[in-house]
There are 2 protein chains.
Amino acid sequence: MNFQNRKRLIVQTVEERGSVEVQELAELLHTSEMTVRRDLVQLAAQGLVYRTRGGAMKVSAVTDAFRFENKAAVNADQKDYICQLAAQTIQEGDILFMDCGSTVFRLCPFIRNRRITVITNSLPVVAELINSSVSVNLVGGEVDKDRQAVHGLIAEEHIARYRANRAFIGVDGISLRKGLTANSEREASTAVAMARQAETTYLLCHSAKLETEKYLYFAPLTLFDILITDNEARPDVVDAYRQAGVTVMN
Amino acid sequence: MNFQNRKRLIVQTVEERGSVEVQELAELLHTSEMTVRRDLVQLAAQGLVYRTRGGAMKVSAVTDAFRFENKAAVNADQKDYICQLAAQTIQEGDILFMDCGSTVFRLCPFIRNRRITVITNSLPVVAELINSSVSVNLVGGEVDKDRQAVHGLIAEEHIARYRANRAFIGVDGISLRKGLTANSEREASTAVAMARQAETTYLLCHSAKLETEKYLYFAPLTLFDILITDNEARPDVVDAYRQAGVTVMN
DNA sequence: CTTCTTTTGTTCAAAAATAAACAATTTCAA
DNA sequence: TTGAAATTGTTTATTTTTGAACAAAAGAAG
């Protein structure tokens, strides 16, 4: 019994029975509990089952025809705080740019029920908003598998065709001395393209990223209009940014 | 026993049994496990079987394992038959268009391991190929929530920028009298845009759709070059199409 | 709040499968 | 027939998977 077959049987069993325990599965598959657990970890990561203590449960929304992975779970509370602030600035009828940052992704649940248009290059964002009242415009071009997003020349041209009220973008590093820095050239240029076409650009930035620098410098602080960060940002750092003329929300 | 015969027997065995182990195959074919592995590598590269550790599985078993309520799963066997034929026409390095038809979707598992580029407007196709060796180009524009795909003017312009070796498109209805018909204007115009930019256009069409007509006429039979259907198509119908000058694979 | 039980994660060793290297065999053309 | 190329089998090394043992974490019970 190989891995693929086991996975198939586990999902099938969970679907049929609603929930199942590790022990039962180990017996059913003639394998050890350890192996079952390892399988369940993978299946849960793919969103195919809900992992419970001692077993797994049927996931309610398996009806989704497609699904993309999102690794936005770290620092969830602070990111949600940021997104709540961001969501409050949004008006009915707005056209928004949203890039592929992990903080930006968490904005989705806050805007599900708004009557707005979102232009995005992030596949998880599309998946999240496709069954919502938001109308979605997807940026076209080459798919970057690592980042689950669309990047590149064609993508930038696509963005350049639109004009939006607001752009919500993420960043890997920001510092007063160096400005905005990133780990990837591709993400950086998409962010710049969006900022260029937006009336107001919001930088969603977890407090831990303030005053950090990554390897690629791509834009000065003037790229964005408003910096939104969380309430754990050090007050002296926030003050320094304000002194430097940056509008900060937190 | 040469490679051609072995290949035929392996595919046949996998189809019959759903999954099979290297050991069994080695016995069955009176050959070494090493040879079986080498064969399986080739067959998997062609998408004819799904390689697992220790053996191989039927492609559809993998596709359907986690998609119980998927529309693509109806008439799965015939659709897979069509897709297998389609997959065999694909060469290394090809650029393909794939539209958002449910039959076209099932082509994905057959091409996972090929070194090709796929340009598509279908979100499920992107999700299916994003973790594969296929490089994906996503058509940009307005997201059609019902069809889980991108359609519209911008999408068509995007398609018009590319040139591909092959286009694989689906259709709602086809008849000798009326040509190609569809249920949706949007899907139809995307299909036309792709066909226009492809060297060879393949129409993937379940036999039950032959000689049916939907409400919107959108193109003559000359839009495509090759019609691929399944082996349950009525011989007299297939003959009639051939008489009319259509190239049919089945 | 502490203690006890259960579950989980981690590490490690064994087993299985695969890939690589090389030798033997077959095939094909000249 | 002979030599070169392709295919196959065997041996060996590498990788992956698995199960067991044990420590850590999470609930449950008192």
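Quick note on labels: first sequence line is chain A, next is B, and so on, each numbered from 1.
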Query - Partner of B:I116 under side chain to side chain contact (heavy atoms under 4.5 Å, CB included), chosen from B:D94, B:L129, B:N165 - result: B:D94

Query raised in the report: For the residue pair B:M98 and B:V118, what are the closest heavy atoms and their distance?
Result: SD-CG1, 3.6 Å

Report task. Quickly work out the B:L29 CG to D:dG9 P distance and round it to whole Å. Result -> 10 Å

**Report entry** Where at least one partner belongs to residues 29-38 of chain B, residue pairs that pass salt bridge (Lys or Arg N to Asp or Glu O under 4.0 Å), sequence neighbours excluded
**Finding:** B:E33-B:R37

Report summary line: Per-nucleotide protein contact along nucleotides 25-30 of chain D, 5' to 3', at a 4.0 Å heavy-atom cut-off (B base, S sugar-phosphate only, - neither), is -B----

Query raised in the report: How bent is the helix from C:dC1-D:dG30 to C:dA30-D:dT1, comparing axes over its five end pairs at each side, to the nearest 10°?
Result: 30°

Report task. State which residues pass salt bridge (Lys or Arg N to Asp or Glu O under 4.0 Å) with B:E16; sequence neighbours excluded, sorted by chain then number. Result -> none

Report summary line: Of B:R38 and A:G55, the one whose closest nucleotide on DNA chain C sits nearer the 5' end is A:G55

**Report entry** Side-chain (A:D172) to main-chain (A:T181) donor-acceptor, under 3.5 angstrom
**Finding:** no

Query raised in the report: Among pairs that include at least one residue of residues 111-123 of chain B, which meet side-chain hydrogen bond (donor to acceptor under 3.5 Å, both in side chains), considering only residues two or more places apart or in two chains?
Result: B:T117-B:S135

Query raised in the report: Does A:Q88 reach the main-chain N or O of A:L85 with its side chain, forming a donor-acceptor pair under 3.5 Å?
Result: no

Query - B:T35 side chain near D:dT7 phosphate (N/O to OP1/OP2, under 4.0 Å) - result: no

Report task. State, to 0.1 Å, how close B:Q197 and B:F97 come at their nearest heavy-atom pair, and which atoms those are. Result -> CB-CE1, 3.6 Å

Query raised in the report: Counting side-chain heavy atoms from CB outward, which of D:dT8, C:dA17, C:dA20 is closest to B:R37?
Result: C:dA17

Report summary line: So, with a heavy-atom separation below 4.0 Å from DNA chain C, the residues of residues 16-25 of chain B are B:V22, B:Q23

Query raised in the report: Choosing from C:dT18, D:dA21, C:dT8, which nucleotide comes nearest the side chain of A:R51?
Result: C:dT8

Query - Phosphate OP1/OP2 of D:dG19: any A:T31 side-chain N/O under 4.0 Å - result: yes

Query raised in the report: What integer distance in Å separates B:L40:CG from C:dA17:C1'?
Result: 12 Å

Query raised in the report: Tell me: CG of B:D39 to C1' of D:dT8, nearest whole Å?
Result: 10 Å

Query raised in the report: How long is the span from the NZ atom in B:K7 to the CD atom in B:Q12, to the nearest 0.5 Å?
Result: 14.0 Å

Query raised in the report: What closest approach, in Å, do A:A233 and A:V238 show between heavy atoms, and which atom pair accounts for it?
Result: CB-CG2, 3.7 Å

Report task. Would you mind reading off the distance between B:R6 atom CZ and C:dT26 atom C1', rounded to a whole angstrom? Result -> 13 Å

Query raised in the report: How far apart are the C-alpha atoms of B:Y81 and B:T229, what are their side-chain angles, what is the distance that settles it, and do they pass the side-chain contact (heavy atoms from CB on, under 4.5 Å) test?
Result: CA-CA 8 Å; B:Y81 177 91; B:T229 188; over 6 Å; no

Report task. Round to a whole Å and report the spacing from CE of A:M34 to P of D:dA21. Result -> 14 Å

